[in-house]
**Q** 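Please see the structure below; I have some questions.
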Amino acid sequence: MALKERLIALDVLRGITIASMILVNTPGSWSYVYWPLLHAKWHGFTPTDAVFPFFLFIVGVSIHYAFKNFRENEYKRALKKIVKRTLIIFVIGLFLNLFPKFNFETVRYFGVLQRIAIAYGIGATLCLFFNKRNLIYITVLILVGYWAILYFFMPENPYGPQTNLVGKIDLYLFGPEHIWKGLGFPFDPEGLLSTLPSIATVLIGSLTGDILSKRSENSTKIKTLLSFGIGLVVLGYIWGFVFPINKSLWSSTFVCFSAGWAMLFLAFLIWIIDEKNIQRGLNHLSILVQILYSFLCFLVCMQKRSFI
């Protein structure tokens with residue numbers, strides 16, 4: 001994103017999200033943690049559950065700004081960059097899962113960085129080759145299709161902790177020795193099938209970027225973000241009565257609900273920073289937080305903790 005086009009509110013949102021990553025993974029004592037700093041045990045939504053989808057949402061917004069001025073003769077170069085970045089992020093995630101014992105017999109194949117890599121890689125490729133209308137269709141298809149897949153392939157308790165299709169596929173393909181067991185049984189919240197709806201989170205972020213990049217008054221952008229944000233939150237909540245909001249499954253309702261809140265939070269930041277002109281020090285603060293995160297992320301990963 002060119003310097004003159006930088007959206008300070010987005011930088012601040014990124015900084016807040018990264019600071020939240022640090023906070024929820026270093027609460028001081030894991031024996032005494034306030035509930036907002038913990039994930040929902042299965043169904044449900046806590047502030048901590050918003051951190052990872054907020055990050056992917058920001059990735060999507062950034063993708064739009066990166067590609068909006070691309071020309072057709074630059075697509076091949078852009079695709080090479082996407083593939084390269086995807087592979088690097090995925091390999092780093094796999095390396096951290098292997099470090100320090102490098103036991104390939106029990107290594108967890110997937111994880112946070114692996115999900116970011118896949119969601120970014122596929123999401124960025126779709127944004128590169130499809131227009132806004134088609135991206136909306138693809139997003140809806142992913143969300144509705146994922147719901148149908150989970151429901152129709154596992155009609156008996158399709159969203160249960162040990163009866164859902166997400167876990168069944170991972171167990172079948174990789175075996176229990178390569179799957180996270182943090183819930184007390186083999187289930188990977190960053191598994192293969194549940195990565196599909198995370199792509200929709202990136203696409204919603206990209207579509208939000210389209211709203212932000214239009215040459216219109218900030219007040220108009222804020223109203224648009226508020227409208228879509230409230231709509232997604234309400235949609236996710238109502239849909240949640242039949243398809244529960246669930247981060248571990250990355251349910252379609254979770255995508256809508258979290259993306260809606262991301263839009264509302266971003267609208268609030270634009271109002272504070274651009275409309276009320278409270279900018280001094282905010283961008284520097286967000287950059288400082290990101291630098292701090294680069295150091296602390298390494299320490300957290302070395303302790304084998306998920307930073308979401």
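A quick note: this is a predicted structure, and the numbers were derived from the prediction, not measured.
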**Q** Are any side-chain N or O atoms of Asn97 and backbone N or O atoms of Phe110, one a donor and one an acceptor, separated by less than 3.5 Å?
**A** yes

**Q** For residues 25-49, which residue pairs qualify under salt bridge (Lys or Arg N to Asp or Glu O under 4.0 Å), counting only residues two or more places apart or in two chains?
**A** none

**Q** Between Thr46 (side chain only) and Leu38 (backbone N and O only), is there a donor and an acceptor less than 3.5 Å apart?
**A** yes

**Q** Please confirm whether the backbone N or O of Ile179 pairs with a side-chain atom of Lys181, one donor and one acceptor, at under 3.5 Å?
**A** yes

**Q** Among residues at least two apart in sequence or on other chains, which ones pass side chain to side chain contact (heavy atoms under 4.5 Å, CB included) with Glu217?
**A** Ser219, Thr220

**Q** Answer yes or no: does atom CH2 of Trp180 have more than 12 heavy-atom neighbours from other residues, nucleotides or ligands under 6.0 Å?
**A** yes

**Q** Are Tyr137 and Leu135 connected in the hydrophobic side-chain network, where two residues link if heavy atoms are under 4.5 Å apart?
**A** no

**Q** Would you check if the distance from the ring center of Tyr146 to the ring center of Trp250 is below 6.0 Å?
**A** no

**Q** Given the rule that I, L, V, M, F, W and Y join up when any side-chain heavy atoms are under 4.5 Å apart, are Val61 and Leu226 in one cluster?
**A** yes

**Q** Between Ser227 (side chain) and Lys223 (backbone), is there a donor-acceptor pair under 3.5 Å?
**A** yes

**Q** Between the side chain of Asn25 and the main-chain N/O of Met21, is any donor-acceptor distance below 3.5 Å?
**A** yes

**Q** How about Thr253 and Trp147: does a side-chain donor come under 3.5 Å of a side-chain acceptor?
**A** no

**Q** Which heavy atom in Asn164 sits nearest to a heavy atom in Pro161, and how many Å separate them?
**A** ND2-O, 3.1 Å

**Q** Check for me, please, whether Ile89 and Val91 land in the same ILVMFWY cluster - side-chain distances under 4.5 Å, paths through other members count.
**A** no

**Q** What distance separates Ile58 CD1 from Thr208 OG1, expressed to the nearest 0.5 Å?
**A** 11.0 Å

**Q** Could you check whether any side-chain N or O of Ser251 sits under 3.5 Å from a backbone N or O of Lys247, counting only pairs where one atom can act as donor and the other as acceptor?
**A** no

**Q** Take atom OH in Tyr151; do more than 12 heavy atoms of anything else shown fall under 6.0 Å from it?
**A** no

**Q** Any salt bridge (Lys or Arg N to Asp or Glu O under 4.0 Å) involving residues 20-31? Give me the pairs, sequence neighbours left out, ordered by first then second residue.
**A** none

**Q** Please list all pairs meeting salt bridge (Lys or Arg N to Asp or Glu O under 4.0 Å) that have one or both residues in residues 111-120, counting only residues at least two apart or in different chains.
**A** none

**Q** Side chains of residues 167-177: which donor-acceptor pairs under 3.5 Å do they make with residues two or more places apart or in other chains?
**A**
unit_1: Asp170; atom_1: OD1; unit_2: Leu192; atom_2: N; d: 3.2

**Q** Give, for atom OG1 of Thr201 and atom CG of Leu56, the distance between the pair rounded to the nearest 0.5 Å.
**A** 6.0 Å

**Q** Which heavy-atom pair separates Ser213 from His64 by the least distance, and what is that distance?
**A** OG-NE2, 2.9 Å

**Q** Tell me, yes or no, whether the heavy-atom count around Phe228 atom CZ, taken from other residues, nucleotides or ligands under 6.0 Å, exceeds 12.
**A** no

**Q** Which pair of non-hydrogen atoms, one from Val107 and one from Phe104, has the smallest distance, and what is that distance?
**A** CG1-O, 3.5 Å

**Q** I'd like to know whether Phe55 forms a ring pair (Phe, Tyr, Trp, His ring centres under 6.0 Å) with Tyr120, so could you lay out the CA-CA distance, the side-chain angles of the two residues, the decisive distance to 0.1 Å, and finally the verdict.
**A** CA-CA 11 Å; Phe55 187 87; Tyr120 160 77; over 10 Å; no

**Q** Run Phe187 and Leu249 through side chain to side chain contact (heavy atoms under 4.5 Å, CB included) and show every step you take.
**A** CA-CA 10 Å; Phe187 178 83; Leu249 294 176; 4.0 Å; yes

**Q** Specify the closest pair of heavy atoms between His43 and Pro244, including all atoms of both residues, with the distance to one decimal.
**A** ND1-CB, 3.4 Å

**Q** Going from CG on Leu212 to CG on Leu225, what distance comes out if it is rounded to the nearest 0.5 angstrom?
**A** 5.5 Å

**Q** What's the separation between atom CD1 in Ile138 and atom CG in Leu143, rounded to the nearest 0.5 Å?
**A** 12.0 Å

**Q** Sub-3.5 Å donor-acceptor pair from the side chain of Lys221 to the main-chain atoms of Ala267, do we have one?
**A** no

**Q** Quick check: closest heavy atoms across Ala200 and Ile142, and the distance to 0.1 Å?
**A** CB-CG2, 4.0 Å

**Q** Kindly determine whether Leu113 and Ile92 satisfy side chain to side chain contact (heavy atoms under 4.5 Å, CB included), including the steps that lead there.
**A** CA-CA 7 Å; Leu113 288 178; Ile92 291 174; 3.8 Å; yes

**Q** Does CZ in Arg77 sit with more than 12 non-hydrogen atoms of other residues, nucleotides or ligands closer than 6.0 Å?
**A** yes

**Q** Can you find a heavy atom in the side chain of Phe45 that is under 4.5 Å from one in the side chain of Ser258?
**A** yes

**Q** Tabulate below the donor-acceptor pairs under 3.5 Å that side-chain atoms of residues 78-85 make, not counting sequence neighbours, or state none.
**A**
none

**Q** At their closest point, which heavy atom of Ala259 faces which heavy atom of Ile204, and how far apart are they?
**A** CB-CG2, 3.8 Å

